[in-house]
Amino acid sequence: MGAGDTVDVSLPDGTHQLVAVGSTAADVLKQWRPAEFATFLAASWDGHPIDLAAPIRSAGSLRPLRFSDPEGREVLQHSAAHLVAKALTEAIPQALPTAGPPTEEGFYYDFDVRPLTPEDVAKVRELVQRSVSSLERFERVEVSKREALEWVGSNRHKQGYVAEVAEGVPVSFYRTGSFLDLCRGPHVPDTGWLAGLHVLGVSAITAGGDPAGEARQRVRGVAFPTRPELDAYLKLREEAEARDHRVVGARLGLFMFIDEAPGFPFWLPSGMVVVRELERFVTEHFREDGYQEVRTPLMFAQSVYETSGHWEHYRENIFQTEADGRVYGVKPMNCPGSMLIFQSTSRSYRELPLRLAEFAPLHRLERSGTLHGLTRVREMVQDDAHLFVSEDQIEAELTKLLAWIQRAFTTFRLAWSYELSTRPAHFLGETAQWDRAEATLEKVLKTSGVPYRTSAGEGAFYGPKIDIHVRDSLGRPWQTGTIQLDYQIPARFHLQYQGADGQLHTPIVIHRTILGTWERFLGVLLEHCAGRLPPWLAPIQVRIIPVAERHEGLGHAFVRELDSRGIRADLARSSETLSKRVREAEVAKIPWVAVVGDQEAASGATAVRTHGRKGQRSLSKGEFIDEVLGKLRERAFEP
RNA sequence: GCCGCGGUGGCUCAGUCGGUAGAGCGGCUCCUUGGUAAGGAGCAGGUCGAGGGUUCGAUUCCCUCCCGCGGCUCCA
């Protein structure tokens with residue numbers, strides 16, 4: 001090709017440009033959209049991300065990448081990681097960079113280095129800022145594999161990466177100021193793009209997530225093209241911290257923990273009201289949906305878990321004790337108990353689907369470092385049920401469950417999605433059965449209309465599952481309910497029923513929870529609503545405030561009236577001022593405040609203040625009660 | 001469980017370069033009898049996470065343990 005050759009480049013709007021060979025992506029894009037060019041941080045060439053400075057040598061399609069494009073965002077995060085590596089190796093020359101990918105939130109970079117201190121972080125932040133101010137360019141350099149091995153020097157981690165590159169393929173490096181790093185790229189043009197880079201913190205990890213792996217130090221961060229965008233993000237994070245259920249729940253007096261029972265929640269009176277309401281929510285349709293509630297022992301001898309498979313696959317999570325020379329395990333799940341009930345008598349196909357619900361306390365010996373407020377505990381109660389079904393009943397049951405889930409999560413205004421988890425490495429049964437089960441789950445998911453993704457190898461050891469993930473109002477994901485198809489445990493317990501054909505068949509079991517556990521669900525919900533629970537869940541729904549002491553009799557009578565209508569009300573008897581008591585009710589996030597004083601004594605009305613709204617309305621007591629009952633009946637999210 | 005960082009009244013935090021601790025909020029009592037987010041005064045409340053060591057003396061320095069936080073891993 002001669003110097004004067006041109007190639008045809010197609011652009012996103014369908015136009016084409018004849019471009020001189022050797023022109024850069026930047027040249028083309030600048031000419032195409034001069035006004036917007038400043039928002040382009042990289043480009044996509046035939047679907048692959050490239051640097052803006054990359055030369056164009058053949059015909060193809062070119063598309064700009066902005067921060068708002070997922071690929072553009074990744075380029076920025078990756079460049080940020082690169083800059084952090086530069087800063088850290090400047091601060092600690094012995095540090096060996098390993099890898100630094102973008103993540104859903106931001107990025108991280110792992111280093112082979114001594115444990116990092118807060119001072120190191122401060123230094124890194126300072127050096128990052130220095131690089132940003134001096135507008136250093138990200139320069140791509142391509143060399144042969146042999147040269148690359150020389151360039152990475154004694155960094156054995158990078159040597160490993162170079163060794164993986166095929167012979168004859170050029171290896172790319174990026175140079176930023178004095179820092180040179182093996183990197184596939186692409187990057188933003190210069191460090192000016194990283195004005196909104198923030199180092200979130202450091203943590204020690206083990207290489208490859210393997211507990212026995214080598215120790216690494218992970219620097220985590222997040223980057224935005226500008227400082228104001230970063231500030232907005234940090235503000236959102238601050239807001240998230242203020243919603244922390246561990247703080248909010250303690251302040252509202254819902255639950256507590258003590259050092260002597262780590263991971264075992266205490267439910268305080270107010271919290272217990274919430275738990276009972278949640279329980280009522282998920283059980284009120286039990287009769288019409290054909291559920292029967294059972295309660296099975298808290299502990300079983302080891303042999304039960306050997307039968308179920310838990311001893312082999314889950315033993316490290318089972319609390320154990322010993323009596324009369326036998327080892328007992330505290331149940332981590334309700335399924336063995338339900339299996340034993342099914343097994344206890346001869347069963348007919350006419351009994352199916354047999355739906356056994358059990359809300360019993362479960363104990364799981366979670367590793368100490370994983371405990372987290374209510375969202376990760378060692379004692380929990382699931383809204384659990386086991387559905388014993390025949391193969392042709394599966395689909396209908398699953399469809400009903402998904403409808404239920406829809407109703408439940410809509411009530412809480414939680415956005416949810418499904419995750420289909422398939423056969424793990426450690427599994428029971430035949431692969432053909434697994435395939436069939438997975439296909440059934442997938443079919444039902446496809447017709448549900450709710451988005452789902454598939455996680456290969458993440459299923460339970462006894463069957464594939466659908467997990468429910470919810471996002472709270474700040475976009476953070478949580479796993480709550482789960483639906484698990486089980487062809488294995490029923491067979492291990494030799495469960496059988498007599499079919500219409502007179503033959504004995506093994507039932508299939510659907511393990512299912514809707515909200516998951518009260519503990520985690522409430523943790524998520526508290527963060528979702530910032531402690532402002534929906535009125536039907538609020539421990540106190542109405543606070544009556546008598547204006548002065550002489551109105552307390554009036555207040556008492558009103559409390560009794562509300563109580564008789566099934567509304568949880570209390571009286572703010574106090575020598576405090578009215579304003580102070582209103583404030584206390586607001587802080588306690590009580591949905592309604594009703595004031596009674598001289599005016600109300602005369603008119604029979606009450607002055608109602610609704611949580612979160614300033615001002616008040618004068619309503620007759622009857623009107624107010626109707627309003628409250630209406631909100632409770634429809635399980636409104638807000639008062 | 002692993003790595004790092006923490007632990008001071010109920011809560012949020014200050015402080016002690018080694019001489020046994022303070023504030024605000026909350027609680028209690030009294031005064032105030034109020035009209036929609038903090039009326040006033042007084043009082044009580046801490047073996048400074050636990051144990052051991054160094055020291056004349058440890059909340060402070062060292063070690064071990066417990067718990068928490070941030071991650072890793074795992075998971076409802």
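Since the structure is predicted, the reported quantities are computational estimates derived from the model, not experimental observations. Each chain gets a letter, A, B and so on, in the order the sequences are listed, and its residues count up from 1.
In this structure, A:R220 and A:L116 both approach RNA chain B, and ranking their closest nucleotides by distance from the 5' end singles out A:L116.
In RNA chain B, the stems built from three or more successive Watson-Crick or G-U pairs (distances below 3.5 Å) are B:1-7 with B:66-72, B:10-13 with B:22-25, B:27-31 with B:39-43, B:49-53 with B:61-65.
Tested against A:V202, the residues A:D120, A:V121, A:L88 include a single side chain to side chain contact (heavy atoms under 4.5 Å, CB included) partner, A:V121. The only option from A:H511, A:H386, A:H313 that meets the ring-ring contact (aromatic ring centres under 6.0 Å, His included) definition with A:Y462 turns out to be A:H511.
Contact annotation: side chain of A:R218 to base of B:rC72, donor-acceptor pair absent below 3.5 Å. Judged by atom type and distance alone, A:R376 reaches the base of B:rC74 through a side-chain donor-acceptor pair under 3.5 Å. Judged by distance alone, with hydrogens and angles left aside, A:E600 brings a side-chain donor or acceptor within reach of the base of B:rG35, the pair sitting under 3.5 Å. For A:R581 against B:rA38, a side-chain-to-base donor-acceptor contact under 3.5 Å is absent.
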* To do: Dump the intermediate steps for salt bridge (Lys or Arg N to Asp or Glu O under 4.0 Å) on A:R543 and A:D570, then the final yes or no.
  => CA-CA 5 Å; A:R543 172 153 294 166; A:D570 72 357; 2.9 Å; yes
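Of the P atoms belonging to B:rU54 and B:rG15, the separation is 31 Å, rounded to the nearest Å.
A cation-pi arrangement is present between A:K621 and A:F558, with the terminal nitrogen or guanidinium carbon under 6.0 Å from the aromatic centre and inside a 45° cone about the axis. Judged by the 6.0 Å and 45° rule, A:R220 forms no cation-pi pair with A:Y108.
Listed for the A:E519 side chain is no donor-acceptor partner under 3.5 Å among the backbone atoms of A:T375.
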